[in-house]
4 protein chains.
Amino acid sequence: MPSSPRPLRADAARNRRQLLDAAETVFAERGLAASVADIAARAGVAKGTVFRHFATKEDLIASIVCEHITALTDAAKGLAGAPDPGAALRDFLVIAADQRRQHDLTFLQTASDGDPAVGRARDDLHCALGVLVDRARDAGVLRPDITETDVFLLMCAPVHVTDNLADPPPMLWRRYLAIIFDGLRPEGAHPLPEPPPTLP
Amino acid sequence: MPSSPRPLRADAARNRRQLLDAAETVFAERGLAASVADIAARAGVAKGTVFRHFATKEDLIASIVCEHITALTDAAKGLAGAPDPGAALRDFLVIAADQRRQHDLTFLQTASDGDPAVGRARDDLHCALGVLVDRARDAGVLRPDITETDVFLLMCAPVHVTDNLADPPPMLWRRYLAIIFDGLRPEGAHPLPEPPPTLP
Amino acid sequence: MPSSPRPLRADAARNRRQLLDAAETVFAERGLAASVADIAARAGVAKGTVFRHFATKEDLIASIVCEHITALTDAAKGLAGAPDPGAALRDFLVIAADQRRQHDLTFLQTASDGDPAVGRARDDLHCALGVLVDRARDAGVLRPDITETDVFLLMCAPVHVTDNLADPPPMLWRRYLAIIFDGLRPEGAHPLPEPPPTLP
Amino acid sequence: MPSSPRPLRADAARNRRQLLDAAETVFAERGLAASVADIAARAGVAKGTVFRHFATKEDLIASIVCEHITALTDAAKGLAGAPDPGAALRDFLVIAADQRRQHDLTFLQTASDGDPAVGRARDDLHCALGVLVDRARDAGVLRPDITETDVFLLMCAPVHVTDNLADPPPMLWRRYLAIIFDGLRPEGAHPLPEPPPTLP
DNA sequence: TATGAATGAGGATTCATTCAT
DNA sequence: GATGAATGAATCCTCATTCAT
């Protein structure tokens, strides 16, 4: 993730990009069981090239996950100074769900838990999201007993919920995001039975 | 599921039960990629025995899914005549989440979509759950724009949400069930952006 | 084959007969790769019963081969005293080919070469066929340089030849038997390039 | 067979050749039941390499069959313009039998009936053989009621006949080819009982 | 004796990964 | 750097055979 030793040659960079895109598509279509050969074919390169860019298949998966997390972090940072804290949090959740929807990769979440780069990226996201959550809570548009980790965990739910449908309408996740968001509002909130989780 | 042509011999029935239990455990631990050999070993039988009871690995998975769905259906039916419709729906969701929690098998949901027995079992569950949802809506404890399918889809969410944690507290799902349940209540509900999904 | 220690119980004898018939049919349909389970199912008995009657699958195959060879031996013996030696030999070849045609089991020939019972049965057949061949040769309807072994080997050819057709007309073998029989006649015979084979 | 999209790398071509040769040997020794592992071992390559060259075991078998058929077609074409039509047909049958003798693969004939490449190759052979047969018939060295298909079917017989012997003398097939060839001659021919088969 | 459940070796095939070209 | 051939471990599944019921 941080500055690589030397910048990639132009064609190598292009290959890397194509591999990441191809992998995302293929994983979305066939799940993690998709083969490296499939991904290479989709990217239009030879199998060996995959391993030049990513030491193992797991590395490739971790890179995809990192990209997604980083994109979310960027979105959160961009919304940190927005005038309406409630709208900012909501916008973030829309972005998060929408990103997922394009390629359903929820199953990747858990996949590369051990990867240190993913861990760091996730920490960054927690920081950035924390700002949005704190501001929303302070503004009174979020229940006071909701933490950043709650929001982080619930972020995946709207899209995941629709995955139980064979061919879900593309915007259906908005319906469930609305329901969950209502559940996060202070109006009519009932006390929560369990303490919020803390991250390790 | 019940009343097969002839009842299994006692030892065969025991093996079948052990295989289903072992498979549930192993799938929960390692995902669907877990090998049949692992499952057989866990059940304490030879590899071939798995295939005597389940023609293919997919059959085994479908059988597990069927059992889970059927258990939910039974729970729903048992709650159909409960005096408090709101509590009944809530109890059902607790049972559903708790069943999931014991072995996280959310990924099995989508797995055996094509299996006809699973399809039938799922239809039954929709029927039984429909009764609970209708009663709760009629009693005014559920938003009027929520359908049975909404509840069905959201049912999986509380546990799934906690799966993003490496080692989630065993009761954490109750927290997210409470949040989602609040979102399903009529108090303070905001209009939903998308129409409810319909099943094929 | 020879007198068993004790005569089978009536139902056991029936099972044995059904197994042999079923095996013949199934082998003809699917080749030697057909499974013992298939044969048992076709015979309407349990798999274990197959092994009560035939110690191994090879034994079962050998028994079928024995039956076929014995039937041929009986036919040859029955024709040994026929008035027209040429017709007798010809009739024998027709019987041999026809027996094959009913269930194409040519591939079984080589299969149970090592079995001693098959070896004995084959020896008997060679004896009986030798009589027919000698008489035909003596009567001048067979080339003088043709031995019993030649006829024995050529016996399988007419049916086997038709096996290269996907769905051969049921009587086509008669055409090739006629051609080969013409080749065995003394009229217009050309000298043969190799000495006749001898049996071990 | 020839002119694949791109020519194989030198080592890959060598492996492919070795695999085909090894498969031929092993199939001749143990029949089609011989395992891919055995073939790989005989060829001195890893199991996976077999599947790099031949998508399935059936493909490998079909490739062998194709090679044999193509070799026969080439032989027939080479003999099409020979001065003596009778000798040409006879030479062809000698070549055909001899090719078979080196590795008895008669059982492969029927094996890959469904394969389109095999089908095409077989059609070509029928064409080329038809020329030889027609010329021989026109020259009066072949019975007038014999068709190309007759010769095609009988082509396999001389070697197959000798397979019923445990350890047949290597040239014994010449004896049976001579007998069958005599049966195909016009001298002393008796009328044939069945019409010649037609190909689909 | 018959049954059919259990066994476990063996088979075809896939696939991540390595390495010579 | 890129290629694609080779590797071999791992996987699902089949089947002859054994044995408890």
Side-chain angles (χ1 to χ4, degrees), chain A residues 8-13 15-16 33-41 44-60, chain B residues 6 8-16 19 33-40 43-60, chain C residues 8-12 15 33-41 44-60, chain D residues 6 8-16 19 33-40 43-60:
Chain A
L8 288 173
R9 252 169 48 182
D11 57 344
N15 275 349
R16 192 189 144 90
S35 79
V36 173
D38 281 342
I39 294 167
V45 303
K47 225 180 341 174
T49 304
V50 180
F51 292 94
R52 169 158 302 276
H53 288 281
F54 307 96
T56 65
K57 189 185 179 183
E58 298 239 310
D59 261 32
L60 169 56
Chain B
R6 87 189 67 178
L8 284 175
R9 246 167 52 182
D11 53 348
R14 183 166 29 80
N15 275 347
R16 192 188 143 90
L19 277 169
S35 81
V36 172
D38 283 343
I39 293 167
V45 301
K47 228 180 335 176
T49 304
V50 181
F51 293 99
R52 156 159 294 276
H53 288 279
F54 308 97
T56 65
K57 189 185 180 183
E58 298 238 309
D59 259 34
L60 170 56
Chain C
L8 287 173
R9 254 170 47 180
D11 56 344
N15 274 350
S35 80
V36 172
D38 282 343
I39 293 166
V45 302
K47 225 183 338 176
T49 305
V50 180
F51 291 96
R52 171 159 301 277
H53 288 281
F54 307 96
T56 65
K57 189 186 180 182
E58 297 239 311
D59 261 32
L60 169 55
Chain D
R6 87 189 67 178
L8 285 175
R9 244 167 56 184
D11 55 346
R14 183 164 31 80
N15 275 347
R16 193 189 142 92
L19 277 169
S35 82
V36 171
D38 283 343
I39 293 167
V45 302
K47 227 180 336 176
T49 304
V50 180
F51 292 96
R52 156 159 293 276
H53 288 279
F54 307 97
T56 64
K57 189 185 178 183
E58 298 238 311
D59 259 33
L60 169 56

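Here is the naming used below: chain letters follow the sequence lines, and residue numbers restart at 1 for every chain.
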Original post:
Separation of B:Arg52 atom CZ from E:dG4 atom P, in whole Å?
Top reply: 9 Å
Original post:
Atom CD1 of C:Ile39 to atom P of F:dA16: distance rounded to whole Å?
Top reply: 8 Å
**OP:** Tell which nucleotide pairs with F:dA9, taking only Watson-Crick or G-U wobble pairs whose two distances are both under 3.5 angstrom.
**Re:** E:dT14
Subject >> Sugar-phosphate, base or nothing in reach of B:Ala34, heavy atoms under 4.0 Å >> reply: sugar-phosphate
**OP:** Would you mind reading off the distance between D:Phe54 atom CZ and F:dA6 atom C1', rounded to a whole angstrom?
**Re:** 15 Å
**OP:** Could you tell me whether A:Val45 contacts a base, only the sugar-phosphate backbone, or nothing, with contacts defined as non-hydrogen atoms closer than 4.0 Å?
**Re:** sugar-phosphate
Original post:
Has the side chain of D:Lys47 got a donor or acceptor atom sitting under 3.5 Å from an opposite partner on the base of E:dG11?
Top reply: no
Subject >> B:Ala12 side-chain proximity, nearest of E:dA12, E:dT1, E:dA6 >> reply: E:dA6
**OP:** Measure from the side chain of C:Asp11, starting at C-beta and using heavy atoms only, and say which of F:dT17, E:dA16, E:dA2 lies closest.
**Re:** E:dA2
**OP:** State the NZ-OG distance between B:Lys47 and B:Ser35, to the nearest 0.5 angstrom.
**Re:** 8.5 Å
Original post:
Rounded to whole angstroms, how far apart are CZ on D:Arg14 and P on E:dT21?
Top reply: 10 Å
Original post:
If you round to the nearest 0.5 Å, how far is NZ of D:Lys57 from CD1 of D:Ile39?
Top reply: 6.5 Å
Original post:
What heavy-atom pair brings C:Thr56 and C:Phe51 nearest, and what distance separates the two atoms?
Top reply: CA-CE2, 4.3 Å
**OP:** Can you figure out which of E:dA12, E:dG8, F:dT7 approaches the side chain of D:Ala46 most closely?
**Re:** F:dT7
Original post:
Looking at NE2 of A:His53 and CZ of A:Arg16, how far apart are the two atoms once the value is rounded to the nearest 0.5 Å?
Top reply: 8.0 Å
Subject >> Of the listed nucleotides F:dT17, E:dA12, E:dA2, the one nearest the side chain of D:Phe51 >> reply: E:dA12
Original post:
In whole angstrom, what separates C:Asp59's CG from F:dT17's P?
Top reply: 9 Å
**OP:** Kindly indicate whether the side chain of B:Leu60, heavy atoms from C-beta on, has any atom under 4.5 Å from the side chain of B:Val36.
**Re:** no
Original post:
Paired with E:dT21 by Watson-Crick or G-U wobble geometry, both distances under 3.5 Å: which nucleotide is it?
Top reply: F:dA2
Original post:
Does a side-chain N or O from C:Asn15 land closer than 4.0 Å to OP1 or OP2 of E:dA2, or not?
Top reply: yes
Original post:
More 5' along DNA chain F: D:Gly44 or B:Glu58, using each one's nearest nucleotide?
Top reply: D:Gly44
Original post:
From the list F:dT14, E:dA2, F:dA2, which nucleotide is the closest neighbour of the side chain of A:His53?
Top reply: F:dA2
Original post:
Starting at CZ of A:Arg16 and ending at P of F:dG1, how long is that distance when rounded to a whole Å?
Top reply: 12 Å
**OP:** Quick one: label C:Thr49 by what it contacts on the DNA or RNA (base, sugar-phosphate, nothing), any heavy atom closer than 4.0 Å.
**Re:** base
Subject >> Nearest non-hydrogen partners of A:Ala40 and A:Val50, listed with the distance >> reply: CB-CG2, 3.7 Å
Original post:
Which residue, A:Gly48 or A:Asp38, contacts DNA chain E at a nucleotide closer to its 5' end, judged by nearest heavy atom?
Top reply: A:Asp38
Original post:
If you check every side-chain atom of C:Lys57, which of F:dA16, F:dA5, F:dA2 has the closest atom?
Top reply: F:dA16
Original post:
Counting any heavy atom closer than 4.0 Å, what does D:Ala33 reach on the DNA or RNA strands: base, sugar-phosphate only, or nothing?
Top reply: nothing
